[in-house]
Amino acid sequence: MHTARIALEAPEPFSLWSTAWISGWGDLAPFYVDVKGRALTRILSLSSGDVVRSVWKQVDESRVEVRVESGRRLRSDEVMEAKAQVSGCLRLDEDYADFYALCSRSQHFRWVRRLAAGRLLRAPTVFEDVVKTICTTNCTWAFSRVMAASLCRALGASFDSGLRAFPTPSDVARTTVSRLSRDARTGYRSSYLVDLARRVLRGELALEDWRRSDRTTEQLRAEIQSVRGIGSYGTAYILNWVGRFECLTIDRWMRKKFYEKHCGGKAVSDDMIVEHYEKFGEWSGLFFWVDMTREWLAP
DNA sequence: GCGTCCAGGTCTACC
DNA sequence: GGTAGACCTGGACGC
């Protein structure tokens with residue numbers, strides 16, 4: 001096994017732990033959280049088709065070290081590709097200065113900067129983010145984990161010792177709805193996933209452009225909603241994932257949490273929830289997120 | 001052990 | 001445009 005080491009400079013404030021934990025994505029294969037060692041493992045697919053294992057660890061306030069393991073010695077451009085993927089997952093290129101400035105001005109949100117919460121771990125590709133979003137709807141989190149792991153096991157390229165990468169659009173497009181249902185346990189979602197992958201391959205959906213699109217959020221929202229299996233909740237989720245935080249990811253769990261936290265357990269309308277965070281403008285969705293998941297970062 | 005219900009929604013048919 | 005019912009399935013819960 002060959003190993004390459006990558007050093008990533010993190011912006012201030014930054015916490016690998018907060019980033020990995022708060023989004024929930026760190027809990028879904030092919031991400032693996034090492035709670036004890038405070039490290040994150042991720043199986044990465046390179047454009048060459050090779051699959052590598054990467055282990056991410058924060059070594060000090062502003063530095064993340066990534067160990068990349070591969071079956072052969074990687075070329076320097078492949079190491080750079082792995083580095084870019086990790087950086088994209090951690091959203092190191094996004095500017096959160098305004099968000100943290102707003103947090104500092106609010107008594108209720110001062111803790112956010114202290115714990116360096118706010119960055120939400122995402123997948124290396126928008127395709128993976130969309131597939132996983134579909135797999136988090138209408139089911140328990142435990143089942144979402146089963147689906148993510150089964151998708152990798154059934155369709156992902158193999159690394160070693162049973163570890164597999166997340167399937168690419170080609171992997172999913174090549175399979176059948178019945179095989180997905182049987183092997184990936186994605187049930188009625190299977191036709192949505194195959195449909196999505198085939199649209200990507202036909203060039204009808206440029207998913208990967210969503211992260212750097214200069215279109216308005218409303219234009220982007222319309223395209224996201226054209227994906228079968230993605231409704232209003234899923235759209236808000238994906239908009240957050242591509243860096244648009246003006247919409248709130250209100251699902252059953254978040255709704256319940258909001259009622260407990262701000263309404264003494266009494267139910268209120270979604271409009272009331274939106275109104276509660278409206279003052280945070282383009283960051284309202286992120287304020288909602290950190291507010292609801294605050295306890296996840298308890299020691 | 002077994003049956004029922006619910007869960008980090010969405011789609012479709014129908015009115 | 002609003003709403004009811006169907007959709008996969010794992011796990012919690014009550015019996």
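No experiment lies behind these values; they were computed from the predicted model shown.
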[X] side chain, from C-beta outward: closest of [options]:
X: A/T140; options: C/dG10, B/dT12, B/dG9; result: C/dG10
X: A/S232; options: C/dG11, B/dG9, B/dT10; result: B/dT10
X: A/Y192; options: B/dC11, C/dG11, B/dG9; result: B/dC11

For A/E81, the option from A/S47, A/S76, A/S48 that meets side-chain hydrogen bond (donor to acceptor under 3.5 Å, both in side chains): A/S47
Can you tell me how far [atom2] of [N] sits from [atom1] of [X], to the nearest Å?
X: A/N138; N: C/dG5; atom1: CG; atom2: P; answer: 16 Å
X: A/Q225; N: B/dT12; atom1: CD; atom2: P; answer: 14 Å
X: A/R145; N: C/dG11; atom1: CZ; atom2: C1'; answer: 13 Å
X: A/W141; N: B/dA7; atom1: CH2; atom2: C1'; answer: 13 Å
X: A/Y188; N: C/dG5; atom1: OH; atom2: C1'; answer: 13 Å
X: A/R189; N: B/dT10; atom1: CZ; atom2: C1'; answer: 10 Å
X: A/Y233; N: B/dA7; atom1: OH; atom2: P; answer: 14 Å
X: A/R182; N: C/dC8; atom1: CZ; atom2: P; answer: 16 Å

Scan [X] against the nucleic acid and name what it touches under 4.0 Å (heavy atoms): base, sugar-phosphate only, or nothing.
X: A/R255; value: nothing
X: A/S190; value: nothing
X: A/G24; value: nothing
X: A/T137; value: sugar-phosphate
X: A/R185; value: sugar-phosphate
X: A/I250; value: nothing

From CA spacing to verdict: side chain to side chain contact (heavy atoms under 4.5 Å, CB included), A/W111, A/R114: CA-CA 5 Å; A/W111 66 271; A/R114 187 166 36 82; 3.2 Å; yes
Aromatic plane relationship, A/H276 with A/H262 - under 30° parallel, 30 to 60° tilted, over 60° perpendicular: tilted
Whole-angstrom distance between B/dT4 and C/dA6, as gauged at atom P: 16 Å
Inter-nucleotide C1' distance (C/dG10, B/dC11), Å rounded: 23 Å
First of A/D251 and A/R228 reached from the 5' end of DNA chain B, by closest nucleotide: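 Of the two residues, A/D251 wins.
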Side-chain ion pair, A/D171 and A/R174, N-O less than 4.0 Å: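 Salt bridge between A/D171 and A/R174, a charged N being under 4.0 Å from a carboxylate O: yes.
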Carboxylate-amine/guanidinium contact A/D209 A/R212, below 4.0 Å: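 Result for this pair is yes, salt bridge flagged.
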For C/dC8, the Watson-Crick or wobble counterpart (both distances under 3.5 Å): none
Any side-chain donor near an acceptor of the partner, A/R244 and A/T217, under 3.5 Å: yes
